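The structure presented is a predicted model; accordingly, all values stated were derived computationally and were not measured.
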Amino acid sequence: YTYRMELRDAGPATLRLGERAARRLHASAVRARALDDWAAAVELGMVAEPLPVPDPGFRAELLFDLGFALRMLGRLEEALACLRRSLDQAVEAGDLRVMARARVLAVESRVGSGQLMELDAEARSERERALGEAEASGDARAQAEVWNCLSEQAWNEGDFGRSWVELQR
């Protein structure tokens, strides 16, 4: 794909080749993530990210996975940038599942980088917005991730009863 683009061969066949490459690289990054090889997941995601993918839903997923891997390596600023772009793409695609996951992970990244305090009203508001998106999506994993974050926030607020209830959902 890169060589064809350098030769200014940006026809439909080249764009399809780039999209197939992005999908394969993303699949490899997901496998690396499953093996807890975060450095490989980031490297593969970084190679896949600039490739042409007309599907905003796939791009949202790719950016979310890249942001997640970057966060696991402690590269919070880069993770936050990917998660924001993932959220934008998920909104464009109407993908509530990725919207919820990207939103809650972006809040956690902002808290981790010191841009947002754990107990700020904005953090709670974003988490609750993510909960609405996760519930509307019907995706159990997205719901579990959001409920876990809400439980952690309740714990940090000293509301241990609410924390336990939210963790059990």
Side-chain heavy-atom pair [X], [Y] within 4.5 angstrom cut-off:
X	Y	answer
R59	H26	no
C149	V107	no
D88	E92	no
R124	L150	yes
E128	S125	no

From L66 atom CG to L25 atom CG, the distance as rounded to the nearest 0.5 Å: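 Taking CG in L66 and CG in L25, the distance rounds to 12.0 Å.
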- request: Enter the distance from E152:CD to E108:CD here, rounded to the nearest 0.5 Å.
  value: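 The distance works out to 6.0 Å.
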Looking at [X] and [Y], what are the two nearest heavy atoms and their distance?
X	Y	result
V98	E61	CG2-OE1, 3.3 Å
V53	A22	CG2-CB, 3.6 Å
A102	S86	CB-OG, 3.8 Å
R31	S28	NH2-OG, 3.0 Å
R103	A130	CD-N, 3.8 Å
A79	G67	CB-O, 3.3 Å

message: For F68 and W38, take the angle between the two ring planes, folded into 0 to 90°, and tell me which bin it lands in: parallel under 30, tilted 30 to 60, perpendicular over 60.
response: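 Tilted, since the angle between the ring planes falls between 30° and 60°.
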[X] with [Y], same ILVMFWY side-chain cluster at under 4.5 Å:
X	Y	answer
L70	L76	no
L62	V30	no
V146	L96	no
L80	L73	no
F64	M99	no

- prompt: Under 3.5 Å, side chain of D55 to main-chain N/O of G57, donor-acceptor pair present?
  reply: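 Checked: pair present.
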- request: Look at the side chain of S109 and the backbone N and O of L105, then say whether any donor-acceptor pair between them is shorter than 3.5 Å.
  value: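 Checked: pair present.
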- prompt: Any chance CD of E78 has more than 12 other-residue heavy atoms, nucleotides or ligands included, within less than 6.0 Å?
  reply: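 Buried by this count: over 12 neighbours within 6.0 Å.
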Side-chain donor-acceptor pairs of residues 136-145 under 3.5 Å, sequence neighbours excluded:
residue	atom	partner	partner atom	Å
S137	OG	A134	O	2.7
S137	OG	D139	N	3.1
D139	OD2	R141	N	3.4
D139	OD2	A142	N	2.8
R141	NE	E145	OE2	3.3
Q143	NE2	A134	O	3.3
E145	OE1	R101	NE	2.8
E145	OE2	R101	NE	3.3
E145	OE2	R101	NH2	3.0

- request: Could you tell me whether R110 and E126 make a salt bridge, using a distance below 4.0 angstrom between a side-chain N and a carboxylate O?
  value: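 A salt bridge is absent here (no side-chain N lies under 4.0 Å from a carboxylate O).
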